[in-house]
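Chain identifiers are assigned alphabetically (A, B, ...) following the order of the sequence lines, protein sequences preceding nucleic acid strands; residue numbering begins at 1 within each chain.
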Protein chains: 2
Amino acid sequence: MGLVVQKFGGTSVKDAERIKNVAKIVTDTYAKGNNVVVVVSAQGDTTDDLIEKAAEINPNPSKREMDVLLSTGEQISISLLAMAIEKLGYPVVSLTGWQAGFMTNSNYSNARIRKIESERLHIELDKKNIVIVAGFQGINRYDDITTLGRGGSDTSAVALAATLHADICQIYTDVDGVYTADPRIVPNAVKLDEISYDEMLELASLGAQVLHNRSVEMAKKYNVKLEVLSSYENKPGTEVKEVIKVEKMLIKGVAKDDDVARVAIVGLPDRPGVAFQVFSQLAKAKINVDIILQSIGRDGKKDISITVPTSQKDSAIECLNECKDLLNAEKIELDDNVSKVSIVGAGMQSNPGVAAKMFEALFEADINIKMISTSEIKISVLIDKDKSKKAISVIHDAFEF
Amino acid sequence: MGLVVQKFGGTSVKDAERIKNVAKIVTDTYAKGNNVVVVVSAQGDTTDDLIEKAAEINPNPSKREMDVLLSTGEQISISLLAMAIEKLGYPVVSLTGWQAGFMTNSNYSNARIRKIESERLHIELDKKNIVIVAGFQGINRYDDITTLGRGGSDTSAVALAATLHADICQIYTDVDGVYTADPRIVPNAVKLDEISYDEMLELASLGAQVLHNRSVEMAKKYNVKLEVLSSYENKPGTEVKEVIKVEKMLIKGVAKDDDVARVAIVGLPDRPGVAFQVFSQLAKAKINVDIILQSIGRDGKKDISITVPTSQKDSAIECLNECKDLLNAEKIELDDNVSKVSIVGAGMQSNPGVAAKMFEALFEADINIKMISTSEIKISVLIDKDKSKKAISVIHDAFEF
């Protein structure tokens with residue numbers, strides 16, 4: 001008995017059958033005495049279809065008009081889901097982003113939520129309506145439609161849960177929870193009952209595509225309890241929350257990211273200010289740098305290695321080559337035959353054996369480590385791309401999940 | 001140099017090519033120094049596709065949710081047209097119904113426009129933007145989305161033209177104007193350069209599907225000059241306005257309506273209050289009655305004949321049979337093998353020869369007249385359905401357009 005926010009993604013509402021299934025889940029939750037607010041994404045391929053329509057007319061449309069176009073996708077979903085719930089005989093109302101009070105900044109196609117003006121939501125909840133809200137969208141101060149960019153609907157759901165002080169925010173998806181590794185690669189991967197926000201953040205940024213980081217960050221900030229679960233099976237998923245039980249399991253998961261390239265700036269002068277110069281140039285060129293490693297200086301020279309998304313490797317190389325002389329660097333090197341493989345788990349730092357076990361597993365599988373990076377709750381290594389699946393398997397086996 | 005409102009229907013924006021064509025028409029008008037406000041409908045079959053999607057989920061959805069769903073059709077059109085205009089390098093902004101200030105009553109799926117709050121429109125026009133507005137939609141006092149029902153986009157355009165005091169409201173369609181008869185039936189039908197509001201109203205209600213009556217009524221009320229023209233050909237269409245030049249042509253057009261059935265209530269007592277009883281019963285059953293004819297009483301009995309749309313003939317018969325005893329009627333008769341053929345033209349009443357010429361043409365073609373009804377500017381006859389095309393032809397020939 002409380003307030004539950006449920007979010008359903010594009011595959012969960014892709015056709016009439018799936019929508020009826022969602023209606024069943026929602027009304028079951030309502031019938032148990034809960035207030036229910038539901039966030040839905042656009043149906044399956046709708047967004048792609050709309051993008052294609054636009055491309056036929058203008059390959060480079062304004063982001064403002066693109067947002068007007070794309071926001072229709074969720075508007076179609078909310079009305080169809082509301083109709084499915086009407087069919088089951090429950091009181092329901094659908095609200096677009098602006099009707100639900102989503103106020104954003106004006107950064108079209110990638111807007112941030114400023115606040116949710118929740119008056120209308122409270123009116124509908126007071127009427128005991130099931131409230132269906134269009135995810136991914138809002139309006140700016142000019143009353144123009146904005147969209148939230150990648151992971152937008154998850155973020156809409158968490159923002160609603162935070163604003164309405166929901167008891168839980170359930171993210172329904174096509175997997176039934178967060179696993180210790182990608183079950184398509186590691187068949188004996190184990191589903192986690194719970195995971196902390198920080199661990200989830202690391203896993204998400206390391207390639208586990210269950211939840212978008214932006215929504216997990218917001219959940220952590222406002223202490224919203226998340227649950228990741230399947231819209232196909234009626235069983236508990238994985239809870240994401242702040243305080244978790246002490247468990248025997250130290251490592252929460254193994255993940256890989258193939259969308260990575262290593263760039264090395266070789267032979268930089270070993271004096272203060274060099275790193276600053278390198279990264280201010282990269283920032284100017286809007287390069288997203290992930291791992292940063294700096295070698296220990298020797299003979300007055302040092303190297304800086306970074307990883308970037310593969311889509312930005314060319315711009316990174318170009319940018320660094322342009323300022324090679326300014327930086328007094330000897331050369332710029334690219335290695336795009338790499339993958340990042342990581343393990344994640346709180347308390348890892350105080351257990352030195354963890355890193356050793358990971359490296360041993362890789363050694364026994366004859367996998368060379370090209371770069372190492374660690375944080376409080378993760379260890380990442382860069383290895384040859386064609387060995388990344390093998391690496392995940394052997395590491396997962398080593399930790400006996 | 002003025003303010004032009006242009007409206008484009010579903011066929012005019014059905015695909016990328018047609019949208020680019022509309023962008024050309026709009027920007028040509030703008031390039032001549034005009035402010036331009038454009039109203040668009042949903043693309044070709046979009047509305048039907050959305051209705052089908054809904055039907056798969058709920059054969060009887062609420063009208064509120066249906067309006068949320070259907071309003072996405074125009075929202076897609078406005079953004080695509082805006083993108084096409086951006087491509088041509090002109091300043092443009094798209095506005096949904098609520099952004100453009102369309103305030104309606106709460107009669108979902110068939111709402112009436114209460115007013116247009118034009119502040120945003122003026123802001124955009126002051127910025128010299130071409131403004132693209134979603135037709136057919138608005139919001140009610142609760143901020144819920146409504147749609148305007150049949151002819152909605154034409155009505156949106158006329159309402160905008162009235163509110164903004166536009167110099168002209170151009171309704172672009174797939175025909176190039178208003179004809180003296182349907183050119184598909186009467187090959188020598190003539191395009192009219194101009195026609196009065198009242199004549200247009202009669203023609204529209206008699207089956208000429210160029211303009212919806214509701215929009216013409218509003219244009220007449222606010223004295224908005226209309227022009228009906230083709231989005232396929234760049235040439236003048238037909239102007240609809242109050243004061244028109246004296247012309248040799250008395251008759252403006254011949255039209256037929258096959259969607260009609262005649263119902264006769266035979267042998268009613270000839271005393272006061274009988275007609276009231278009949279029509280209050282029909283009104284209760286929500287029957288739309290078109291022509292009404294009452295015979296002269298004889299032997300204390302009279303007959304009342306009405307015409308109704310064919311879709312309502314069964315309900316009409318059922319309703320009248322149920323209250324036959326109450327009405328003291330002898331019997332109820334149905335004839336659904338009829339068409340209504342009409343001629344329209346101002347000043348007809350003061351030219352008795354007009355009716356004679358029409359009836360003579362029908363007589364010579366051996367077409368029997370089953371019922372006659374006249375107004376100041378039209379004469380309608382009911383004839384056998386299979387002779388309606390022939391009737392139109394011979395009448396059209398008789399008047400030598």
Just give me the residue among A82(B), A84(B), S94(B) that pairs up with chain A most often, heavy atom to heavy atom, under 4.5 Å.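 The candidate making the most pairs under 4.5 Å is S94(B).
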
So which of I139(B), T96(B), D144(B) has the largest heavy-atom pair count under 4.5 angstrom toward chain A?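 Ranked by heavy-atom pairs under 4.5 Å with chain A, first place is D144(B).
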
If you check every heavy atom in residues 155-165 of chain B against those of chain A, which residues fall under 4.5 Å?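 The stretch does not come within 4.5 Å of chain A.
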
Can you list the residues of residues 5-20 of chain B that sit under 4.5 Å from chain A, counting heavy atoms only?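 Residues of residues 5-20 of chain B touching chain A at under 4.5 Å: A16(B), I19(B), K20(B).
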
Part of S77(A) lying under 4.5 Å from any heavy atom of chain B: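 Contact with chain B is absent: no heavy atom of S77(A) under 4.5 Å.
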
Quick check on Q99(A) against chain B: is it the side chain, the backbone, both or neither that has a heavy atom closer than 4.5 Å?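 Side chain of Q99(A) only, per the 4.5 Å heavy-atom cut-off to chain B.
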
Please look at L95(B) and chain A and tell me whether the side chain, the backbone, both or neither of the residue comes under 4.5 angstrom of a heavy atom of that chain.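 For L95(B), the side chain is the part near chain A, not the backbone.
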
Within a 6.0 Å radius of atom CG on D143(B), are there more than 12 heavy atoms belonging to other residues, nucleotides or ligands?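 Yes, enclosed.
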
Give the minimum heavy-atom separation between W98(B) and I145(A), together with the two atoms involved.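 Closest approach of W98(B) to I145(A), heavy atoms only: CZ2-CG1, 4.4 Å.
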
When only heavy atoms count and the cut-off is under 4.5 Å, which of residues 47-74 of chain A reach chain B?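 The residues closer than 4.5 Å to chain B, in numerical order, are L50(A), K53(A), A54(A), E56(A), I57(A), N58(A), P59(A), P61(A), S62(A), R64(A), E65(A), M66(A), V68(A), L69(A), S71(A), T72(A).
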
If you check every heavy atom in residues 109-132 of chain A against those of chain B, which residues fall under 4.5 Å?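 The residues closer than 4.5 Å to chain B, in numerical order, are R120(A).
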
